[in-house]
Novice: 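Here it is, the structure in full.
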Amino acid sequence: QEQLVESGGGSVQVGGSLTLSCVASRFSHTNYCMGWFRQAPGKEREWIASINSDSSSPTSYAESVKGRFTISKGNADNTLFLQMNSLKPEDSAMYYCAADAPRLRPECSTLEWEYNLWGQGTQVTVSS
């Protein structure tokens, strides 16, 4: 069955950087959206970025991470990355990658219930 597995989380100081990876296995879709979400303790899951499978791979970001985080796909198209720079304590959360596949919408959604495949998450902790 299809599976998403995240890695790359860890502990970092304020202002530091981390790169999260998400590997999709048994994933043969060519028309999809991939996204990153996060959930901090006591808070709802929050969309932070998504990328489209179109050749131009348009991306979109939540305002809270725009200019600091970059979502990208690997060359093999089965790997998703999230480069996180200038990390803040409020970025501390469990980070999840998700796929909306096959994609039925012209643009990637920011709504978690429209993503049908999820990874198990990777923890990011930013300390001052």
Side-chain angles (χ1 to χ4, degrees):
Q1 64 185 35
E2 297 173 329
Q3 189 176 21
L4 301 178
V5 178
E6 305 95 332
S7 62
S11 297
V12 64
Q13 292 192 323
V14 170
S17 298
L18 279 175
T19 300
L20 305 184
S21 300
C22 173
V23 176
S25 58
R26 303 184 186 89
F27 190 87
S28 59
H29 300 280
T30 58
N31 183 24
Y32 58 85
C33 282
M34 298 290 290
W36 286 98
F37 291 76
R38 67 185 181 188
Q39 187 169 22
K43 295 188 176 181
E44 294 185 351
R45 191 173 296 185
E46 170 191 24
W47 168 82
I48 54 175
S50 58
I51 187 166
N52 198 305
S53 60
D54 290 349
S55 58
S56 61
S57 298
T59 58
S60 54
Y61 299 91
E63 286 298 320
S64 58
V65 305
K66 193 174 291 184
R68 300 188 297 124
F69 290 12
T70 303
I71 187 172
S72 62
K73 295 183 294 182
N75 291 334
D77 215 26
N78 71 332
T79 306
L80 182 72
F81 300 102
L82 185 69
Q83 173 68 43
M84 305 186 295
N85 298 325
S86 303
L87 284 162
K88 306 175 182 180
E90 53 264 41
D91 294 318
S92 296
M94 185 71 78
Y95 282 71
Y96 300 90
C97 72
D100 171 15
R103 178 169 59 90
L104 303 179
R105 305 164 190 83
E107 297 182 354
C108 292
S109 174
T110 64
L111 304 174
E112 63 173 299
W113 56 84
E114 293 185 342
Y115 288 78
N116 57 331
L117 182 64
W118 290 82
Q120 83 290 347
T122 186
Q123 179 69 40
V124 171
T125 302
V126 184
S127 58
S128 55

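Residue indices begin at 1 and follow the sequence shown.
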Novice: Looking at residues at least two apart in the chain, or sitting in another chain, which of them share a side-chain hydrogen bond (donor to acceptor under 3.5 Å, both in side chains) with Arg105?
Specialist: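 Listed in chain order: Asp100, Glu114.
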Novice: Output the distance between atom CD (Gln13) and atom OG (Ser127), rounded to the nearest 0.5 Å.
Specialist: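 Result: 5.5 Å between the selected atoms.
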Novice: When rounded to the nearest 0.5 angstrom, what is the spacing between NZ in Lys43 and CE in Met94?
Specialist: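 These two atoms lie 15.5 Å from each other.
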Novice: Kindly give the heavy-atom pair with the smallest separation between Ala24 and Phe27, and that separation in Å.
Specialist: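 So the minimum-distance heavy-atom pair works out to CB-CB, 3.6 Å.
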Novice: Rounded to the nearest 0.5 Å, how far does CZ of Arg103 lie from CG of Asn116?
Specialist: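 Going from the CG atom of Asn116 to the CZ atom of Arg103 covers 13.0 Å.
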Novice: State yes or no: do Trp36 and Phe69 share one hydrophobic cluster built from I, L, V, M, F, W and Y residues joined by side-chain heavy-atom distances below 4.5 Å, directly or via other members?
Specialist: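 Yes, Trp36 connects to Phe69 through the hydrophobic network.
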Novice: Are any non-hydrogen side-chain atoms of Leu20 and Thr122 less than 4.5 angstrom apart?
Specialist: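 Yes, close enough: below the 4.5 Å cut-off.
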Novice: To the nearest 0.5 Å, what is the distance between CD1 (Ile51) and SG (Cys108)?
Specialist: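 Reported value, rounded in 0.5 Å steps: 8.0 Å.
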Novice: Out of curiosity, Glu63 CD to Ile48 CD1, how far, rounded to the nearest 0.5 Å?
Specialist: 13.5 Å
Novice: As a quick check of understanding, evaluate side chain to side chain contact (heavy atoms under 4.5 Å, CB included) for Val5 and Gln120, giving each step before the final call.
Specialist: CA-CA 7 Å; Val5 178; Gln120 83 290 347; 4.1 Å; yes
Novice: With sequence neighbours excluded, give me every ring pair (Phe, Tyr, Trp, His ring centres under 6.0 Å) pair touching residues 87-114.
Specialist: none
Novice: Whether the side chain of Ser128 engages the backbone of Val14 through a donor-acceptor N/O pair (distance < 3.5 Å, no angle test) should be reported.
Specialist: no
Novice: Given Leu4 and Val23, is the side chain to side chain contact (heavy atoms under 4.5 Å, CB included) satisfied, shown in steps?
Specialist: CA-CA 6 Å; Leu4 301 178; Val23 176; over 6 Å; no
Novice: Just do the side chain to side chain contact (heavy atoms under 4.5 Å, CB included) check on Lys73 and Asn78 with the steps written out, would you?
Specialist: CA-CA 8 Å; Lys73 295 183 294 182; Asn78 71 332; over 6 Å; no
Novice: Please find the pair of heavy atoms, one from Arg68 and one from Ser86, that lie closest to each other, and give the distance.
Specialist: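 Between these two residues, the closest heavy atoms are NH1-O, 2.9 Å.
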Novice: Hey, does the side chain of Asn31 reach the backbone of Pro102 with a donor-acceptor pair shorter than 3.5 angstrom?
Specialist: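 Side chain of Asn31 to backbone of Pro102, a donor-acceptor pair under 3.5 Å: no, none is there.
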Novice: Check the surroundings of atom CD in Gln123: do more than 12 heavy atoms from other residues, nucleotides or ligands lie under 6.0 Å from it?
Specialist: yes
Novice: Just say parallel, tilted or perpendicular for the rings of Tyr115 and Phe37, cut-offs at 30° and 60°.
Specialist: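 Perpendicular: the ring planes of Tyr115 and Phe37 meet at over 60°.
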Novice: Grab the two heavy atoms, one from Ser109 and one from Ser50, that are nearest each other, plus how far apart they are.
Specialist: O-OG, 4.4 Å
Novice: Taking all non-hydrogen atoms of both residues into account, name the closest pair between Tyr61 and Ile71 and its distance.
Specialist: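 Reported closest heavy-atom pair: OH-N, 2.8 Å.
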Novice: Can you tell me how far CG of Leu18 sits from CG of Leu82, rounded to the nearest 0.5 angstrom?
Specialist: 9.5 Å
Novice: Salt bridge check: are Glu46 and Arg38 linked by an N-O gap of less than 4.0 Å?
Specialist: yes
Novice: Please find the pair of heavy atoms, one from Glu2 and one from Arg26, that lie closest to each other, and give the distance.
Specialist: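 Result for this residue pair: CG-O, 3.0 Å.
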Novice: Give the minimum heavy-atom separation between Glu6 and Cys97, together with the two atoms involved.
Specialist: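 Answer, listing the atom of Glu6 first, then Cys97: OE2-N, 2.9 Å.
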Novice: Does the pair Thr125 and Val12 meet the rule for a side chain to side chain contact (heavy atoms under 4.5 Å, CB included), with working shown?
Specialist: CA-CA 6 Å; Thr125 302; Val12 64; over 6 Å; no
Novice: Going by side chain to side chain contact (heavy atoms under 4.5 Å, CB included), Met84 matches just one of Thr19, Val65, Val124. Which one?
Specialist: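 Testing each of Thr19, Val65, Val124 against Met84, the sole residue satisfying side chain to side chain contact (heavy atoms under 4.5 Å, CB included) is Val124.
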Novice: Answer yes if Leu117 and Phe81 sit in the same cluster of Ile, Leu, Val, Met, Phe, Trp and Tyr residues linked by side chain heavy atoms under 4.5 Å apart, and no otherwise.
Specialist: no
